[in-house]
Every structure is written in C-alpha cells, then in structure tokens.
Visitor: 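Sharing a structure, written as structure tokens. Questions coming.
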Amino acid sequence: MRVLLIGSGGREHALAWKLAQSPLMTEFYAAPGNPGVAEHATLVALDIDNHDAVVAFCKDNAIDFVVVGPEAPLVAGIADRLRAAGISVFGPSAAAAQLEGSKGFTKDICARYNIPTGAYQRFNNAPKAKAYVRAQGAPIVVKADGLAAGKGVTVAMTIDEALAAIDDCFQGAFGKAGAEVVIEAYLDGEEASFFCLCDGKHALALATAQDHKRVGDGDTGPNTGGMGAYSPAPVMTPDMVERTMKEIIEPTMRGMAESGHPFSGVFFAGLMITAKGPELIEYNVRFGDPECQALMMRLKSDLLPLLYACAKGTLDQVTAEWSDDPALTVVMASKGYPGSYAKNTPITALPADSEGEKVFHAGTGLKDGTLVATGGRVLNITATGKTVSEAKERAYALAGKVKWDNGFYRNDIGWRAVEREE
Ligand code: AMP
Ligand code: GLY
C-alpha cells in the first residue's frame with residue numbers, strides 16, 4: 001500500500017514509526033513531517049492547507065491511503081476532498097469533524113441522544129451568558145465554541161472569573177472561535193482519555209490514557225497541549241470502558257449516522273469519571289498528542305489495517321491487541337512554553353532507542369545539519385515498564401540523557417497512577 005501521512009508533531013512520529021512496521025506498506029510519504037518522521041517516511045514539502053496540492057500529489061504518486069494526524073485539516077475538509085478524488089482516508093469529513101470543531105454541536109448531540117455530559121446552554125451575546133452564569137453560580141465552565149488550540153476553556157471557580165471569561169470570548173480573545181460561547185456545569189472527578197476507532201457503523205475500542213495538561217509539577221500553571229501521558233489509565237476499569245462504549249460512543253456513532261454524517265476515524269473522548277460514571281467533556285476527532293505516543297508503544301497489532309478498516313467500513317473484521325505493560329511519555333518543551341520561547345536552540349545529544357524506550361520528535365528541525373528545537377513541545381521521551389512507576393523511571397532516565405540546554409520537563413508525569421501503585 002502507498003501511504004501519505006499528514007502532520008508534523010510527536011503524534012505523527014509515533015504513527016509513522018508504527019505504520020512503517022507494517023508488512024503491507026510499500027511506499028511511505030509524510031507531509032510535512034519532522035526529522036523523526038523522516039526516519040520512516042520520505043518527507044514531502046507540501047502545504048497541507050492547500051488541498052489541491054495534496055490531492056495532486058496523491059494522484060501523481062498513486063497514493064492508496066492518506067492518514068491525517070491533526071484536526072485542523074480535517075475541520076477544513078481535507079478528507080472530503082481526498083474522498084471525492086477517489087482516495088481512501090483515515091479521518092472524518094468536515095461535517096463529522098464538527099464534533100471537535102464546535103463544542104455546541106457536540107453538546108446538542110449529547111442532548112438529543114441522552115449522552116451523559118454537564119448541563120449546558122449556548123449563547124451568542126454576553127448579557128444573556130452573564131445572566132445565566134449569575135443564575136447558575138460557580139464553579140462553572142465557560143468555553144469558546146470553536147477551535148482555540150486548547151485555550152478557549154475557563155474552569156471558573158468564582159462568578160467574577162466566569163464573567164471575565166465571557167467578556168474575553170465576545171471581545172475577540174479567541175477570534176471567530178469565541179463568537180459563540182458554551183456555558184457548562186462543572187464536573188467533579190478524575191479525567192481520562194478514551195480512544196476508539198469508528199468506520200461509521202462499527203466501533204472498536206482501542207485504549208485509555210491520562211494526559212497532564214498543566215505546565216508545572218503538581219498540575220500547576222497554565223494549560224498546555226499536554227506535558228506527558230501514560231496508558232492505560234487505571235481509572236478506566238473494564239466496567240467504565242463498557243459503560244463509555246454503551247452510554248457515550250455508540251449513541252454518538254448512531255447520532256452522526258442518522259444526521260447524514262457518519263463518523264469515520266478515531267473518537268478521542270475526553271471523559272470525567274464522576275460519582276455517576278463516565279461523562280463526556282469533549283470529543284476530538286484525531287489521536288491525542290502525547291497520548292498517541294504512549295498508545296503506539298503498547299499496540300501489538302499492525303496499525304495500518306486497523307486505520308484502513310475505518311476508511312473501508314470493515315472495522316468489524318479486525319481486532320487490536322495491546323501489551324498489558326503500561327507506557328509513559330514525558331514531553332520536553334522549550335523553556336518559556338506555553339508562553340514565548342527561543343527558537344532554533346541546538347539539541348546536541350539524544351539517547352539511542354532500545355526495546356521499550358523511544359524518543360519521538362515533535363517540534364524539531366535540522367539547521368545546517370544540527371538538530372534544533374523549532375516548537376514549544378519538542379521531544380517525547382517514551383518508555384514501557386511492568387508498572388507505571390517502572391515506565392516512569394525508565395522514561396526519566398532516558399530524558400536525563402538528552403543534551404538540550406533550553407529544554408525542560410515536568411518531573412511528576414504519571415503521579416496519579418504511581419500513587420495508586422505505592
Ligand atoms: P477541553 O478543551 O474541553 O478539553 O477543556 C480543557 C480542560 O478543562 C479539560 O481537560 C478539563 O480539565 C477542564 N474542563 C472542561 N470542561 C469541564 C467541566 N464541565 N467540568 C470540569 N472541568 C472541565
Ligand atoms: N493531549 C491533548 C490533546 O491532544 O488534545
């Protein structure tokens with residue numbers, strides 16, 4: 001199979017590493033990729049926002065299958081364009097990607113199909129939103145409706161904080177994404193990420209993970225794209241997984257099909273495990289980054305036929321096997337992230353990979369032959385172990401071998417699971 005992978009982060013390096021191991025792969029390209037992805041695929045300098053150029057490349061190179069990593073091209077309709085050109089794609093249509101692209105859209109599906117989630121209202125102006133907040137009281141959650149790079153959510157502990165967040169949204173802090181606001185009840189519990197493939201009619205549960213969104217140890221400081229993750233998440237017991245499939249994933253799949261926009265790709269459900277059970281915080285329509293890096297370390301099956309089955313509607317004919325050993329990934333980021341940071345700082349040493357130990361590249365590049373940090377989140381130091389504690393020890397030992405003066409990482413990735421193991 002001739003495959004094109006789209007994206008350039010740590011998630012895409014993990015997908016590339018796994019896809020390249022498939023005996024079905026005959027030719028593997030990635031656009032734009034990064035130096036880690038380049039170890040497994042031929043990099044193509046395509047502008048992935050230019051869908052005409054992506055389709056033309058696929059035609060010229062007889063690409064059979066395109067795997068889309070990030071959400072932005074999906075929300076922009078890249079999967080629709082490729083399918084219209086007769087090319088198979090892993091990833092949803094623009095209409096189905098609204099599950100991530102619009103929080104209001106997802107909340108409306110939850111309401112229609114009785115999917116457990118926080119009670120909510122949608123608003124297109126500040127006075128009504130503020131009146132609702134005053135009536136509901138705090139804590140309460142204010143969300144910009146559209147894609148805001150993970151920054152559009154305020155968990156407000158006081159009414160004043162919520163009112164300020166409403167002003168931010170309507171005064172344009174998140175651009176178009178904030179033109180509509182969703183206000184939602186605060187859910188109390190432990191968060192978990194749940195990943196499930198879907199071909200429109202069938203769903204295949206993959207695995208669970210837990211992310212660490214805050215930049216600092218002890219879950220302090222501003223939110224980031226994710227500073228580390230591990231899989232599986234102990235809070236997702238077999239009973240919770242079964243309930244999540246029945247109460248959340250299956251009704252969503254049915255709802256999307258009934259709306260005329262069947263969902264094909266990966267459901268990444270952000271869950272809060274409350275006293276009542278799993279409740280949906282949000283959907284993403286792509287793999288989590290860095291959750292994917294931990295997941296790929298545990299996946300024993302060939303990834304390519306699993307993703308291809310989503311495109312072909314044959315997900316009922318495949319299974320996914322997982323290692324019981326947990327995997328944990330520590331994100332190394334540029335000092336200053338998630339604020340401003342220096343670019344092109346040199347990374348002078350990386351440890352070699354070995355069994356169960358792998359450094360995935362995220363925001364890296366090559367400058368005059370030297371590896372440099374080009375982004376906020378730069379390296380994903382990943383290891384497996386018999387326990388989360390062991391995976392954590394191995395990952396941090398590996399991180400200690402990286403020579404990069406401008407890098408930093410959290411020291412407590414996995415703390416919830418480690419506490420459970422002690
Ligand atoms: P989101 O961008 O929707 O994932 O929200 C970012 C983070 O805000 C989540 O990971 C949660 O930690 C928190 N959050 C979102 N919605 C709620 C809610 N209804 N109750 C409590 N925390 C929430
Ligand atoms: N790590 C969270 C995300 O990918 O959205």
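What you see is a predicted model; the values in this text were computed from it and never measured. Starting from 1, each residue takes its place in the sequence as its number. For ligands, and for the atoms within them, numbers begin at 1 and follow the listed sequence. Side-chain atoms are counted along with the backbone in the values below, which use heavy atoms only and exclude waters and symmetry mates.
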Visitor: Only heavy atoms of Lys103, strictly under 4.0 Å: list the atoms of ligand 1 that pass.
Guide: 2 (O), 3 (O)
Visitor: So if I count the atoms of ligand 1 from 1 in the order they appear, which ones are less than 4.0 Å from some heavy atom of Ile281?
Guide: 3 (O), 15 (C), 16 (N)
Visitor: Can you tell me if NZ on Lys201 sees more than 12 non-hydrogen neighbours from other groups inside 6.0 Å?
Guide: yes
Visitor: Closer than 4.0 angstrom, basic N to acidic O: yes or no for Arg420 and Glu190?
Guide: yes
Visitor: Report the member of Val141, Thr117, Val153, Ile140 with the shortest heavy-atom distance to atom 8 (O) of ligand 1.
Guide: Val153
Visitor: Would you tell me which option among Glu100, Glu184, Glu191 has the nearest heavy-atom contact to atom 10 (O) of ligand 1?
Guide: Glu191
Visitor: Quick one: which ligand 2 atoms are inside 4.0 Å of a heavy atom on Gly288?
Guide: 4 (O)
Visitor: Touching ligand 2 at all, Ala229? Heavy atoms, strictly under 4.0 Å?
Guide: no
Visitor: Phe90 and side chain to side chain contact (heavy atoms under 4.5 Å, CB included): which partner among Val266, Leu304, Leu303?
Guide: Val266
Visitor: Provide the number and element of each atom of ligand 2 under 4.0 Å from a heavy atom of Phe268.
Guide: 3 (C), 4 (O), 5 (O)
Visitor: Taking all non-hydrogen atoms of both residues, which atom of Val235 and which atom of Gln210 are closest, and how far apart?
Guide: CG1-NE2, 4.2 Å
Visitor: Test Glu279 against Thr274 for side-chain hydrogen bond (donor to acceptor under 3.5 Å, both in side chains), laying out the working first.
Guide: CA-CA 7 Å; Glu279 299 200 42; Thr274 71; 3.0 Å; yes
Visitor: Run the side-chain hydrogen bond (donor to acceptor under 3.5 Å, both in side chains) test on Asp219 and Trp415 for me, step by step, so that the C-alpha distance in whole Å, both residues' side-chain angles and the decisive distance to 0.1 Å come before the verdict.
Guide: CA-CA 10 Å; Asp219 294 330; Trp415 66 268; 3.2 Å; yes
Visitor: Between Lys130 and Asp167, is there a side-chain N and carboxylate O pair less than 4.0 Å apart?
Guide: yes
Visitor: What part of Leu187, side chain from CB on, backbone N/CA/C/O, both or neither, has a heavy atom under 4.0 Å from ligand 1?
Guide: both
Visitor: If we set the cut-off at 4.0 Å for heavy atoms, which region of Glu291 has an atom near ligand 2: side chain, backbone, both, or neither?
Guide: side chain
Visitor: For atom 1 (P) of ligand 1, which of the options Met272, Glu282, Glu279 provides the nearest non-hydrogen atom?
Guide: Glu282
Visitor: Would you compute the distance between atom OG1 of Thr208 and atom CD of Glu291 and round it to the nearest 0.5 angstrom?
Guide: 10.5 Å
Visitor: Check ligand 1 against Lys213 and write out every atom of the ligand that is under 4.0 Å from a heavy-atom position of the residue.
Guide: 10 (O)
Visitor: Within the structure, is a non-hydrogen atom of Ala185 found at a distance of less than 4.0 Å from ligand 1?
Guide: yes
Visitor: Which residue supplies the protein heavy atom nearest to atom 2 (C) of ligand 2, what is that atom called, and how far is it?
Guide: Asp211 OD2, 3.3 Å
Visitor: Anything under 30° is parallel, anything over 60° is perpendicular, the rest tilted; go ahead and classify Phe65 against Tyr308.
Guide: perpendicular
Visitor: Based purely on interatomic distance, does Lys143 place a nitrogen or oxygen under 3.5 Å from a nitrogen or oxygen of ligand 1?
Guide: yes
Visitor: Taking distance alone, with no angle check, do Asn223 and ligand 1 share an N/O pair under 3.5 Å?
Guide: no
Visitor: Report the C-alpha distance between Asp199 and Thr314 in whole Å, list the side-chain angles of each, state the deciding distance to 0.1 Å, and finish with yes or no for side-chain contact (heavy atoms from CB on, under 4.5 Å).
Guide: CA-CA 7 Å; Asp199 68 2; Thr314 54; 5.5 Å; no
Visitor: Hey, looking at atom 3 (C) of ligand 2, which of Arg377, Lys213, Arg286 has the closest heavy atom?
Guide: Arg286
Visitor: If you count the atoms of ligand 2 from 1 in the order shown, which ones are under 4.0 Å from a heavy atom of Gly225?
Guide: 1 (N), 2 (C)
Visitor: Under a 3.5 Å threshold, yes or no: a donor from one side chain and an acceptor from the other, between Ser22 and Asp302?
Guide: yes
